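Remember, it's a predicted structure, so these values are computed and weren't measured experimentally.
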Amino acid sequence: MSDVRTLSVPVDGGELEVEVVRAASPPVLAVHGITSNRKLWNWLRAGAPDLSLVMPDLRGRAGSFGVAGTSSLRQHGEDLIRVLDALGHDVVDVCGMSMGAFVAVELATRRPDRVRGLVLVDGGLPMIMPPRLTPEAVPKAFARQLARVSRRWTGVDEYLAYFTRINPLLDARDPLLRDCLEHDLIDGRVMLSRTAVIADATDVFFGETHWRDIEVPTELVCAQWSAGEGAPPAYSDEALESFRADLPTLRRPRRVSGADHAATIMTHSGAAVVGVAVRDLLAR
């Protein structure tokens with residue numbers, strides 16, 4: 001049995017909405033991706049009900065949409081320290097997906113006293129740079145992901161149909177996906193800050209990173225493809241071997257067969273791999 005509650009945590013510029021699941025394991029801080037929300041972890045919860053999870057909506061997203069001020073990996077890290085302080089957690093394992101994995105690395109390298117270990121899901125380590133990407137070109141590069149922000153949806157059904165068209169490996173009939181997308185919407189609008197997404201994406205691709213300074217045990221789960229079947233992955237096999245050579249704390253990466261970036265966590269099969277990685281980390 002698990003106990004679930006939602007609370008608000010004061011941060012600079014407002015309050016973060018945080019969902020806390022208390023179960024059998026020590027707490028795991030779960031950090032969602034750049035255009036997502038805390039319901040991204042629905043599949044992990046369903047497949048691993050023994051995990052105790054701390055799941056914030058990051059600033060500029062869903063329940064934390066109204067938090068004012070600038071957004072960056074460092075700011076998210078500072079916000080998450082506030083969350084840990086509010087819950088009385090001195091040290092936790094951290095699982096981050098996509099941009100959330102980069103936030104997890106930021107937290108582990110700036111505040112190693114608060115992080116016991118990392119699970120990075122298709123992110124956190126340097127990714128292949130999209131062709132001709134510059135800081136000025138980031139808004140255009142993320143235009144598809146942000147298109148949903150500019151329109152009013154008639155309801156979750158229309159939004160779900162759109163979302164699964166651009167993410168064809170996800171199942172439109174999946175109630176966990178429906179719940180995740182429903183959490184995005186208020187009065188037909190997607191609660192996602194365009195400004196925060198662009199700032200965070202710019203930081204991921206062009207900001208300073210200290211991933212080589214990671215000193216805690218680290219698991220990496222990565223997709224077979226990037227966006228859609230057959231697309232080159234964010235992490236090639238050669239890149240993974242290079243990371244292992246440069247980062248002694250990194251265990252052998254796990255690649256999710258038949259999954260693209262979204263499907264590494266937004267499907268039962270992908271989340272099962274992530275769940276094994278989290279349990280392996282907790283067992284150390």
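- Ring-plane geometry between W153 and Y162 is classed as tilted, the angle between the planes lying from 30 to 60 degrees on a 0 to 90 degree scale.
- In the hydrophobic cluster analysis, where Ile, Leu, Val, Met, Phe, Trp and Tyr join through side-chain heavy atoms closer than 4.5 angstrom, L177 is grouped together with I166.
- The CZ atom of R45 lies 10.5 Å from the CG atom of L51; values are rounded to the nearest 0.5 Å.
- Two residues are said to be in side-chain contact when any heavy atoms from C-beta on lie closer than 4.5 Å; M266 and L40 meet this criterion.
- Heavy atoms of other residues, nucleotides or ligands lying less than 6.0 angstrom from CG of D113 number more than 12.
- Contact annotation: the side chain of L240 never approaches that of R244 to less than 4.5 Å [non-hydrogen atoms, C-beta and beyond].
- For the side-chain contact (heavy atoms from CB on, under 4.5 Å) with F102, the lone residue among L73, T209, L125 that qualifies is L73.
- The closest donor-acceptor contact from the side chain of T249 to the backbone of E215 lies at 3.5 Å or more, if one exists at all.
- Residues D200 and H76 form a side-chain contact, since some pair of their non-hydrogen atoms from C-beta on lies under 4.5 Å apart.
- Between R173 and D171 there is a salt bridge, with a side-chain nitrogen of the basic residue lying less than 4.0 Å from a carboxylate oxygen of the acidic one.
- Of all the heavy atoms in L7 and L87, the pair that sits closest is CD1-CD2, 4.0 Å.
- Between the side chain of R5 and the backbone N or O of E19 there is no donor-acceptor pair closer than 3.5 Å.
- In this structure, CG in L53 is found 8.5 Å from SG in C95, a value given to the nearest 0.5 Å.
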Item to complete: Please test R38 against T6 for side-chain contact (heavy atoms from CB on, under 4.5 Å), starting from the C-alpha separation and ending with a verdict.
Response: CA-CA 11 Å; R38 70 177 189 259; T6 303; 4.0 Å; yes

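- Scanning both residues, S64 and D57, for their nearest heavy atoms gives OG-O, 2.5 Å.
- Residue L181 is not grouped with residue L169 when hydrophobic side chains (ILVMFWY) are merged at heavy-atom distances under 4.5 angstrom, including chains of intermediate members.
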| said: I'd like to know whether L80 forms a side-chain contact (heavy atoms from CB on, under 4.5 Å) with R114, so could you lay out the CA-CA distance, the side-chain angles of the two residues, the decisive distance to 0.1 Å, and finally the verdict. | reply: CA-CA 10 Å; L80 295 179; R114 307 300 297 269; over 6 Å; no

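- Residues A62 and N37 share a closest heavy-atom pair of CB-CB, 3.6 Å.
- We find the OG1-CG distance between T218 and L281 to be 8.0 Å, quoted to the nearest 0.5 Å.
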What's the verdict on side-chain contact (heavy atoms from CB on, under 4.5 Å) for V190 and L185, showing C-alpha distance, side-chain angles and the deciding distance? CA-CA 5 Å; V190 175; L185 293 176; 3.8 Å; yes

Exercise. Starting from the C-alpha separation in whole Å, work towards a yes-or-no answer on side-chain contact (heavy atoms from CB on, under 4.5 Å) for D50 and R279.
Key: CA-CA 10 Å; D50 55 305; R279 288 195 181 103; 2.7 Å; yes

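- In terms of heavy-atom proximity, P139 sits nearest to E136 at CD-O, 3.5 Å.
- Taking 4.5 Å as the limit, some side-chain heavy atom of R152 sits within range of a side-chain heavy atom of D187.
- Put simply, the side chain of S8 never gets that close to the backbone of E17: no donor and acceptor are under 3.5 Å apart.
- Under a 4.0 Å N-O distance rule, the pair R74/D203 does not qualify as a salt bridge.
- Closest heavy-atom contact between A223 and T264: CB-CG2, 3.3 Å.
- Interatomic distance, L192 CG to S150 OG, rounded to the nearest 0.5 Å: 11.0 Å.
- Atom CZ in R212 sits 5.0 Å away from atom CG in D246 (nearest 0.5 Å).
- A donor-acceptor pair under 3.5 Å is absent between the side-chain atoms of S36 and the main chain of H32, judged by distance alone.
- No chain of hydrophobic side-chain contacts below 4.5 Å, direct or via other Ile, Leu, Val, Met, Phe, Trp or Tyr residues, connects L120 to V91.
- At least one side-chain heavy atom of D174 sits less than 4.5 Å from a side-chain heavy atom of W43.
- Between Y159 atom OH and T154 atom OG1 the span is 13.0 Å, to the nearest 0.5 Å.
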List the steps and the verdict of side chain to side chain donor-acceptor pair (under 3.5 Å) for T109 and D213.
-> CA-CA 6 Å; T109 54; D213 297 332; over 6 Å; no

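- In terms of modelled atom types and a separation under 3.5 Å, the side chain of T202 and the main chain of I198 share a donor-acceptor contact.
- The main-chain N or O of G117 is found under 3.5 Å from a side-chain atom of D93 such that the two form a donor-acceptor pair.
- Residues V83 and D79 form no side-chain contact, since every pair of their non-hydrogen atoms from C-beta on lies 4.5 Å or further apart.
- A salt bridge links R178 with D157; the closest basic N to acidic carboxylate O contact falls under 4.0 Å.
- Here E182 does not pair with K39 in a salt bridge; the nearest charged N to carboxylate O distance is not below 4.0 Å.
- Nearest heavy atom pair, residue A262 against residue N167, reads CB-OD1, 3.9 Å.
- Between R110 and E78 there is no salt bridge, since none of the side-chain N atoms of the basic residue sits less than 4.0 Å from a carboxylate O of the acidic one.
- A single hydrophobic cluster is seen to contain both V216 and I81, as judged by linkage of ILVMFWY side chains at heavy-atom distances under 4.5 Å, directly or through other members.
- Under a hydrophobic-cluster definition in which Ile, Leu, Val, Met, Phe, Trp and Tyr are linked whenever side-chain heavy atoms come within less than 4.5 Å, directly or via other members, V18 and F65 are assigned to different clusters.
- Between R59 and D12 there is no salt bridge, since no side-chain N of the basic residue sits under 4.0 Å from a carboxylate O of the acidic one.
- Although no hydrogens or angles enter the test, the distance criterion places a donor-acceptor pair under 3.5 Å between the side chain of R61 and the main chain of I34.
- Residues M191 and H183 are not in side-chain contact: their nearest non-hydrogen atoms beyond the backbone lie 4.5 Å or more apart.
- Between V276 and R254 the shortest side-chain heavy-atom distance falls below 4.5 Å.
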